Amino acid sequence: MALELTTRKSSNSRPVYMIAEGSGDLKVLPDAAKRWAGENRFRGQAGRVLVVPGSDGSAAAALLGTGKLTGAQATLCAGSLAKELPDGKWHFELATEDRLSAATALMLGGYEFTAYRSAKSRKLVFAVPNAASKGDAERVAGGCNLARDLINTPASDMGPEALEKAVRTLSQRHKASVTVTRGEALLRKNFPMIHAVGRAADQAPRLVDMRWGNKNAPRITLVGKGVCFDTGGLDIKPASGMLLMKKDMGGAANVIGLASMIMEAKTPVRLRLLVPAVENAISGNAFRPGDVLKSRKGLTVEIGNTDAEGRLVLADALTLADEEKPDILIDMATLTGAARVALGPDVPPFFTDDDALAADLQAGSEAVADPMWRLPLYRPYFKGLNSKIADINNVTSNSFAGSVTAALFLSRFVEKAKSWAHFDIYGWNPSAKPHAPVGGEAQCIRALDQVIYNRFKV
């Protein structure tokens, strides 16, 4: 569908009223709208859209239910409008401060993945308060929808080469620089674990390194797990476990989307984006359980399970990122099933030792209804990663606190960054929401964009 935001409300634009369930919002509606709501048993149920006809039978207004939700969670319900409203021109009858988040939700809800099928022939035009609101809604939704597109694309068309191309395309738009280390060059330039994980695949493993902004500005570095498909390696997954493994590059997709937001906003930072792009495939030269790999940092890693490969490629990339002492180092990865068991698909855990950053992230999460929850880097669990023959094992011998121990593993490769946070995301919606269809999802990056912008804006 075509969804356009405009700053000009035309005379024939129709209003959308947001109605909270159990509130007095219905009482202030025009009489005809109140009667229509009553006849259709509309009470403001969250995400429900009711189109109100005019005297000629055509759509004259619409009611959007926000249930008992409040703040940004309520405005996310505006995503339903993109699916339910008739074509034409519309505007929000909202307080000014609510219109931006509602417009963003609308654009998120209008997302369709159409790479392999035709888009629906529809056009909606929504009026927003000003150019700044329009630009910000398009910027944020654009970054999120870019991440969604990358995750939704099957591995047949989104291998390491295509993921590299996605970064290059973004860099060209914003005049950023890109360098790529691929194949055997990974060994020469000391990225041995990225090479080991990806060497069995037809497409060579690689590390994509993009830089943008004033080199003297505060340094923000984003690292994303780019495992374009994960068979599990020689510790192979069952068939059911591979069905969604095209999304195992969801961490990379999300940091690419976040980088897009940051550059579109011209946030005054020196941005660096690192994507280790590999496929964890099986062939005669695949790395094995029991192997000991040397890392860029010099630590030796015993392979307890080849299906814990994401932390290996992240470790080499994080070591590189850490070498230049960034002000903020963020990594994102579809890393553990344990995170989903703990918090479900919608609430990614994050880990950091920086209490001030954690507080900002939690506040940003609540401000834009982009869920996340802090879990502890509980140091006593380090002992579970002990190895008898190497410096560290890539897994523990039990299934306890898998997300925590994965974060602890990564923490061994970060020492110099002023602040570091690790996000263990799912990158997928198993069920539809008003602002999000089933499929690939951007998680935590709307909140991260706000935190980074607020910290470093001029």
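Keep in mind the model is a prediction, meaning the values are calculated, not measured.
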Keeping [X] on the side-chain end and [Y] on the backbone end, is there a donor-acceptor pair under 3.5 Å?
X	Y	result
Ser283	Ala200	yes
Thr66	Leu69	no
Asp248	Met245	no
Asn394	Gly304	yes
Asp316	Met193	yes
Arg412	Ile392	no
Lys247	Tyr426	yes
Thr306	Gly232	yes
Gln362	Met372	yes
Ser80	Gly47	yes

Any side-chain heavy atom of [X] sitting closer than 4.5 Å to one from [Y]?
X	Y	answer
Thr352	His422	no
Leu186	Arg188	no
Thr153	Tyr116	yes
Phe126	Thr6	no
Trp212	Met263	yes
Val438	Phe113	no
Ser403	Phe351	yes
Asn305	Pro289	no

Checking [Y] against [X]: is there a side-chain donor and acceptor pair closer than 3.5 Å?
X	Y	answer
Thr231	Asn280	no
Tyr111	Asn152	yes
Trp420	Asp322	no
Ser365	Asp370	no
Asp354	Ser419	yes
Asn130	Thr7	no
Asp136	Tyr453	no

ring-ring contact (aromatic ring centres under 6.0 Å, His included) partners of Tyr378, counting only residues at least two apart: Tyr381

With a 4.0 Å cut-off on N to O distance, would you call [X] and [Y] a salt bridge?
X	Y	result
Lys294	Asp391	no
Arg182	Glu164	yes
Glu323	Arg296	yes
Glu161	Lys165	no
Glu415	Lys297	yes
Lys225	Asp331	no
Asp424	Arg340	yes
Lys123	Asp87	no
Arg270	Glu324	yes

Just list the side-chain donor-acceptor pairs under 3.5 Å for residues 170-179, sequence neighbours left out, or say none.
residue, atom, partner, partner atom, Å
Ser171, OG, Arg168, O, 2.7

Looking at [X], I want to see if its [atom1] is surrounded by more than 12 non-hydrogen atoms of other residues, nucleotides or ligands under 6.0 Å.
X	atom1	result
Lys83	NZ	yes
Asn398	CG	yes
Arg117	CZ	no

Go through it in stages, so that I can follow the logic: the residues are Lys418 and Ile328, the test is side-chain contact (heavy atoms from CB on, under 4.5 Å), and I'd like the CA-CA distance, side-chain angles, deciding distance and then a yes or no. CA-CA 6 Å; Lys418 294 179 182 178; Ile328 296 180; over 6 Å; no

In Å, rounded to the nearest 0.5 Å, how long is the span from [atom1] of [X] to [atom2] of [Y]?
X	Y	atom1	atom2	answer
Arg311	Thr405	CZ	OG1	6.0 Å
Leu258	Leu271	CG	CG	7.5 Å
Ile282	Ile236	CD1	CD1	3.5 Å
Gln443	Met332	CD	CE	7.5 Å
Ile194	Leu314	CD1	CG	8.5 Å
Ile445	Ile330	CD1	CD1	12.5 Å

Provide the closest heavy-atom pair for [X] versus [Y] in the form atom of the first, atom of the second, distance.
X	Y	result
Thr75	Ala105	O-CB, 3.3 Å
Ala127	His91	CB-CB, 4.0 Å
Pro268	Ala217	O-CB, 3.8 Å
Cys228	Leu163	SG-CD2, 3.9 Å
Leu64	Cys77	CD1-O, 3.4 Å
Ile262	Asp449	N-OD1, 4.2 Å

When you look at Leu448 and Phe423, which way does the side-chain contact (heavy atoms from CB on, under 4.5 Å) test go after all the steps? CA-CA 11 Å; Leu448 278 163; Phe423 291 79; 3.9 Å; yes

Residues Leu293, Phe287; criterion side-chain contact (heavy atoms from CB on, under 4.5 Å); working and verdict: CA-CA 9 Å; Leu293 305 181; Phe287 74 120; 4.3 Å; yes

